[in-house]
Q: 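So that we are looking at the same thing, I have put the structure below in structure tokens.
First the proteins, then the strands, lettered A, B, ... as listed; each starts at 1.
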Amino acid sequence: MTITEFVAGITAETIAALYNETISPSSVTLNETRKEFEGDLTVVSFPFTRFSKKSPEETARELGAYMQSRYPEVARFNVIKGFLNLVISDAYWLGRVQAISASENYGIRSRSGAKVMIEYSSPNTNKPLHLGHIRNNLLGYSVARILEAAGYEVIKCNLVNDRGIHICKSMLAWEKFGDGETPESAGIKGDHLVGKYYVLFDRKYKEQVSELVNGGMPEEEAKAAAPLMREAQEMLKRWEDGDQEVVSLWKKMNGWVYEGFDHTYRKLGVDFDQVYYESETYLLGKDLVREGLDKGVFFRKADGSVWIDLSEDGLDEKLLLRADGTSVYITQDLGTAQLKYDDYRMDKSVYVVGNEQDYHFRVLFLILKKLGRAWAEGLYHLSYGMVDLPSGKMKSREGTVVDADDLIEEMIEKARQNTLELGKAHELPEEEQTELFRKVGMAALKYFLLRVDPKKRLLFDPNESIDLQGHTGPFIQYTYARIRSVLEKGGGIAEEKTTFDPAVLSLNADEKNLIILLNKFEEIIGEAAETYNPAIMANYLFELAKTYNKFYHDNPIRKAEDPAVQAFRVCLSEITADIISRGMGLLGIEVPEQM
RNA sequence: GCACCCGUAGCUUAACUGGAUAAAGCAUCUGACUACGGAUCAGAAGACUUGGGGUUCGAAUCCCUACGGGUGUACCA
């Protein structure tokens, strides 16, 4: 039981005893007591005045007096305005430390049986991954880990957009201008090579368009009439007809891209349990359209196209099937949603997709509900803000992007310089050094992207790049490494956690602040899982590291004179290290033993 | 036009979902290594939470309004 659950519980019991009113513990408003007052937890007593018929102060005093007399965990209390500040006994806190220390996997909930699917990454196979994809991948992976810790069975899934006109563009450009170039012959990663031809297509295409415009053609017309565009469309048609030549080119170039993606995914430390390909799912959804027509949820217009009218829900009319019977994006997504559900029967399904698709997902979920899919209640769009550059939006067609691979290399290089200058890396053999630079660099990058609320947009300045000091991943890593170092100094790190005798101890402020935070880990996992928000975990870990550093600075651990105190502080350090390590793991960040 | 999101110290972010005197990091200034690791710690300075109104014991948070920024409103995906 967490401390908030405990206090909320005894508050409800107290209300029942004093005022004969039944309230739910979850309705009790609790805060951590502000630093300037004495206390650990604060009960807001304003809401109870309607039961007590007394002033907030008097009500709070009555509650406090009752609690103190009745519950040994409540050591003291004081009342300021309508706020009841409770001092929880050292015995309670020490008991919590023992419980945490003894538990194998503190904070991790056991499997509840609920299943959740998380779709993330979902790249296009015509260009390499960029900074925006990194945010997506890190969010998806981290949310998956957090939900797992909260007791879900998690299926990580990737829906690869491997077909369509944009893919044909890079294929066509390669065919026309590539001269048989391969990743090996060019010496560049496959995804970058294909991306190069995508950009090249756009350049050549624009040249053709402006040529036509200069010849007097209106721009709109020129865009459609440019020979390259016509050829790309022709190629798409041949692909859909299963033309051997086009399909084998498509397979070859996609193969290059996947090789490149795999490399980047490995660097990022993300992976998937299930991969869906749009080339295999793009025809799905037509059954659902038929079903919708039968049920009268959809309607057919005079030209034969199929629509749904969502104006009663504050949205517009939405097309589901073209007059020629071909499907559109949302038709596909309807079909894919059904496919996923048929495959896994999950209770929840999370889509990690940028916020420019908010409208699309509102429509998608609403349609599935109208089709009577009970599981549509479990669908959730984890919408995140885009990553902006000081110069504006990233545009891969124009090549103004922060490339994922480049950025990763830059961060590792930056970590190398910092670590050699500040750290103890020179004590390590070269192989371990390389590994360390990678861990530190990736931590800086990942933490930078994950500590911000997903829904907020993120400004990334490539020149200022990323700090390695202050509110950063390496700061937290450093705290961990230092704890490990301290623990080792005292004759090595034991398998079993250190035990201590709580009867002879009393807590000082630094110790207590640390314990309160350690005790919160479980709640934080729950909160991050419920809101699909890794930033909550990220900010908690920073807070924890900071609090530990203060504790460390002012309190001898191995050098404590009293052996009971020493054992206790060693135990606190062990728990802190453990939580940092596992908490960072939930963000997909590794911690080094030494740095 | 309409819809959705956002606006908090110079900059980047918090604020337990309506609670007390809005909290951190960076940058600036000052102090602490013969110490269990200074990538640290302590301190100073920096905010009428974009402006205006409302709701109530109480608002950064909810409502209205104005302004500023972003996105969507495709028979693209």
Q: Determine which nucleotide pairs with rG72(B), using a 3.5 Å limit on both distances of a Watson-Crick or G-U wobble pair.
A: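 Checking every strand shown, rG72(B) finds its partner in rC2(B), with both distances under 3.5 Å.
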Q: Just N and O in the side chain of N549(A): are any of them under 4.0 Å from OP1 or OP2 of rU40(B)?
A: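 The answer is no; no side-chain N or O of N549(A) sits under 4.0 Å from OP1 or OP2.
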Q: Under a 3.5 Å limit for both distances, which nucleotide forms a Watson-Crick or G-U wobble pair with rG18(B), could you say?
A: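 Result: none.
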Q: Using Watson-Crick or G-U wobble geometry with both distances below 3.5 Å, tell me the partner of rC41(B), or none.
A: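 rG31(B) - that is the nucleotide pairing with rC41(B), both distances being under 3.5 Å.
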Q: When all nucleic acid strands are considered with a 4.0 Å heavy-atom cut-off, which category describes Y478(A): base, sugar-phosphate, or nothing?
A: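 Result for Y478(A) = base.
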Q: Which part of the nucleic acid, if any, lies within contact of T419(A), taking any heavy atom under 4.0 Å across all strands shown: a base, the sugar-phosphate backbone alone, or nothing?
A: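 Since a base atom lies under 4.0 Å of T419(A), the category is base.
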Q: Is it true that Y540(A) and E527(A) share a donor-acceptor pair across their side chains at a distance under 3.5 Å?
A: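 Note: E527(A) and Y540(A) side chains miss the donor-acceptor criterion.
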Q: What is the distance, to the nearest angstrom, from the CD atom on Q469(A) to the C1' atom on rU12(B)?
A: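 To the nearest whole Å, that distance equals 16 Å.
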Q: Kindly confirm whether the side-chain ring of F475(A) is stacked on the base of rA39(B), judged by centres under 5.5 Å and planes under 30°.
A: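 No, F475(A) does not stack on the base of rA39(B).
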Q: Would you say whether Y329(A) stacks on rC76(B)? The test is a distance between ring centres of less than 5.5 Å and an angle between planes of less than 30°.
A: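 It does not: the two rings, one from Y329(A) and one from rC76(B), miss the stacking criterion.
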Q: Parallel, tilted or perpendicular, judged at 30° and 60°: which one describes the rings of W239(A) and Y282(A)?
A: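 W239(A) and Y282(A): tilted rings.
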Q: Please give, in whole Å, the distance from rC76(B) C1' to D162(A) CG?
A: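 Roughly 16 Å, once rounded to whole Å.
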Q: Identify the nucleotide, in any strand shown, that forms a Watson-Crick or G-U wobble pair with rC67(B), with both distances under 3.5 Å; if there is none, say none.
A: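 In the structure as shown, rC67(B) has rG7(B) as its Watson-Crick or wobble partner.
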Q: When all nucleic acid strands are considered with a 4.0 Å heavy-atom cut-off, which category describes E421(A): base, sugar-phosphate, or nothing?
A: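 It contacts nothing in the nucleic acid.
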Q: Heavy atoms from C-beta onward define the side chain here; which of rG37(B), rU17(B), rA77(B) lies closest to that of H166(A)?
A: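 For H166(A), the side-chain atoms sit closest to rA77(B).
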Q: Rounded to the Å, how far apart are L450(A) CG and rU13(B) P?
A: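 In whole Å, rU13(B) P lies 14 Å from L450(A) CG.
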Q: Using the C1' atom on both, measure rC11(B) against rA27(B) and round to a whole Å.
A: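 Going atom to atom, C1' in each nucleotide, I get 8 Å.
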Q: Check every strand shown and say whether V44(A) touches a base, only sugar-phosphate, or nothing at a heavy-atom separation below 4.0 Å.
A: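 Contact class for V44(A): base.
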Q: Take the protein atom CG of D510(A) and the nucleotide atom C1' of rC41(B), then report the distance between them rounded to whole Å.
A: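 About 11 Å, once rounded to whole Å.
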Q: Any salt bridge linking E593(A) with R484(A)? Criterion: basic side-chain nitrogen under 4.0 Å from a carboxylate oxygen.
A: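 Salt bridge: yes.
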Q: Could you tell me whether K81(A) sits above the aromatic face of F37(A), with NZ or CZ closer than 6.0 angstrom to the six-membered ring centre and within 45 degrees of the axis?
A: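 Pair K81(A)/F37(A) does not count as cation-pi.
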Q: Return the orientation label for the F361(A) and F365(A) ring planes: parallel under 30°, perpendicular over 60°, tilted otherwise.
A: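 Aromatic pair F361(A)/F365(A) classed tilted.
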Q: What are the atom names and distances for every N/O pair under 3.5 Å that joins the protein to nucleotides 29-35 of chain B?
A:
| residue | atom | partner | partner atom | Å |
| --- | --- | --- | --- | --- |
| rA35(B) | O3' | K559(A) | NZ | 3.2 |

Q: For nucleotides rA44(B) and rC6(B), find the distance between their P atoms and express it as a whole number of Å.
A: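 Result for the P pair: 34 Å, nearest Å.
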Q: Hey, is R416(A) close enough to E413(A) for a salt bridge, meaning N to O under 4.0 Å?
A: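 Salt bridge flag = yes for E413(A) with R416(A).
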Q: Do K520(A) and E32(A) pass the salt bridge (Lys or Arg N to Asp or Glu O under 4.0 Å) test, and can you show the C-alpha distance, the side-chain angles, and the key distance before you say yes or no?
A: CA-CA 11 Å; K520(A) 247 175 99 173; E32(A) 270 159 42; 3.0 Å; yes
Q: Is it true that the side chains of Y384(A) and N136(A) contain a donor and an acceptor less than 3.5 Å apart?
A: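 A donor-acceptor contact under 3.5 Å links the two side chains.
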Q: Cut-off 3.5 Å, side chains only: do D467(A) and T472(A) have a donor facing an acceptor?
A: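 Their side chains do not contain a donor-acceptor pair, so the 3.5 Å distance test is not met.
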Q: Closest to the E356(A) side chain: rC26(B), rU13(B), rG72(B)?
A: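 Output: rG72(B).
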Q: Would you classify rU8(B) as syn or anti? Syn applies when the glycosidic angle is within 90° of 0.
A: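 Anti, since the glycosidic angle lies more than 90° from 0.
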Q: Which listed nucleotide (rU73(B), rA77(B), rG37(B)) is nearest to the side chain of D316(A)?
A: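 Of the candidates, rU73(B) comes closest.
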Q: What nucleotide, of rU13(B), rA14(B), rG19(B), holds the atom closest to the side chain of D453(A)?
A: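 The answer is rA14(B), which lies nearest to the side chain.
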Q: Describe the nucleic acid contact of N555(A) in one word from base, sugar-phosphate, nothing, applying a heavy-atom distance below 4.0 Å.
A: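 Base contact.
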Q: Among rU13(B), rA39(B), rG37(B), which is the nearest nucleotide to the side chain of A481(A)?
A: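 Closest of the options to the side chain of A481(A): rG37(B).
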Q: Take the protein atom NE2 of H471(A) and the nucleotide atom P of rC26(B), then report the distance between them rounded to whole Å.
A: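 Atom NE2 in H471(A) sits about 11 Å away from atom P in rC26(B).
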Q: Report the residues that fulfil salt bridge (charged side-chain N to carboxylate O under 4.0 Å, His left out) with E543(A), sequence neighbours left out, ordered by chain and then residue number.
A: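 Testing E543(A) for salt bridge (charged side-chain N to carboxylate O under 4.0 Å, His left out), a comparison that skips the adjacent residues, returns none.
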Q: Test ring pair (Phe, Tyr, Trp, His ring centres under 6.0 Å) on Y532(A) and Y380(A); report intermediate values, then the result.
A: CA-CA 10 Å; Y532(A) 306 100; Y380(A) 181 78; 4.4 Å; yes
Q: With a 3.5 Å limit on both atom pairs, tell me what rC62(B) is paired to, counting Watson-Crick and G-U wobble, or say none.
A: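 The answer is rG54(B), by the H-bond criterion.
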Q: Could you work out the separation of rG25(B) and rA45(B) based on their C1' atoms and round it to a whole Å?
A: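 My reading of the C1' atoms in rG25(B) and rA45(B) gives 16 Å.
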Q: Take atom P in rG58(B) and the same atom in rC67(B), then report the distance between them in whole Å.
A: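 That atom pair is separated by 30 Å.
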Q: Given the C1' atoms of rU21(B) and rC48(B), what is the spacing between them in whole Å?
A: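 Pairwise C1' distance, rU21(B) against rC48(B), rounds to 14 Å.
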Q: Does a distance-only test, which skips hydrogens and angles, find a donor-acceptor pair under 3.5 Å between the side chain of D303(A) and the base of rC75(B)?
A: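 Flag set: donor-acceptor pair detected.
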Q: Which label fits H130(A) and H133(A): parallel for a plane angle under 30°, tilted from 30 to 60°, or perpendicular past 60°?
A: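 If you compare the ring of H130(A) with that of H133(A), the planes turn out tilted.
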Q: Do any N or O atoms of the protein come closer than 3.5 Å to N or O atoms of nucleotides 20-23 of chain B, and which pairs are they?
A:
| residue | atom | partner | partner atom | Å |
| --- | --- | --- | --- | --- |
| rA20(B) | OP2 | R34(A) | NH1 | 3.3 |
| rA20(B) | N6 | T42(A) | OG1 | 2.7 |
| rA20(B) | N6 | N85(A) | OD1 | 3.0 |
| rA20(B) | N1 | N85(A) | OD1 | 3.4 |
| rU21(B) | OP1 | K81(A) | NZ | 3.3 |

Q: Just the rounded figure in Å: distance from C1' of rA3(B) to CG of L315(A).
A: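 L315(A) atom CG is separated from rA3(B) atom C1' by 9 Å.
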Q: Nearest to the side chain of R482(A) - rA14(B), rG19(B), rG38(B)?
A: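 The answer is rG38(B).
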Q: To the nearest angstrom, how far is E119(A) atom CD from rA77(B) atom C1'?
A: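 After rounding, the gap between these two atoms is 13 Å.
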Q: With a non-hydrogen cut-off below 4.0 angstrom, is A535(A) in contact with a base, only sugar-phosphate, or nothing?
A: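 A535(A): no heavy atom of the nucleic acid under 4.0 Å.
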Q: Do K301(A) and E317(A) meet the salt-bridge criterion of a basic N to acidic O distance under 4.0 Å?
A: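 Salt bridge: yes.
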Q: Does a sphere of radius 6.0 Å around CD in E219(A) hold more than 12 heavy atoms from other residues, nucleotides or ligands, not counting ones at 6.0 Å or beyond?
A: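 No - once you tally the heavy atoms of other residues, nucleotides and ligands closer than 6.0 Å, there are 12 at most.
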Q: Can you check whether K301(A) has a side-chain N or O nearer than 4.0 Å to OP1 or OP2 of rC75(B)?
A: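 Looking at the OP1 and OP2 atoms of rC75(B), neither is under 4.0 Å from any side-chain N or O of K301(A).
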Q: Only pairs with both distances under 3.5 Å count, Watson-Crick or wobble alike; so what is the partner of rA23(B) in this structure?
A: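 The answer is rU13(B), by the H-bond criterion.
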Q: Could you work out the separation of rG10(B) and rC2(B) based on their P atoms and round it to a whole Å?
A: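 Those two atoms are separated by 34 Å.
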Q: Respond yes when some side-chain nitrogen or oxygen of R163(A) is under 4.0 Å from OP1 or OP2 of rC76(B), and no when none is.
A: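 Answer no for this pair, as no side-chain N or O of R163(A) is under 4.0 Å from OP1 or OP2.
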Q: Taking atom C1' in both rU17(B) and rG53(B), compute the distance separating them and give it to the nearest angstrom.
A: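 So the two C1' atoms sit 24 Å from each other.
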Q: If you assign T479(A) and V452(A) each to the RNA chain B nucleotide with the nearest heavy atom, which residue ends up on the more 5' nucleotide?
A: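 By nearest-heavy-atom nucleotide position, the 5'-most residue is V452(A).
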Q: Measure NZ/K455(A) against P/rU17(B) and give the value in whole Å, please.
A: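 For the pair K455(A) NZ and rU17(B) P, the rounded distance is 14 Å.
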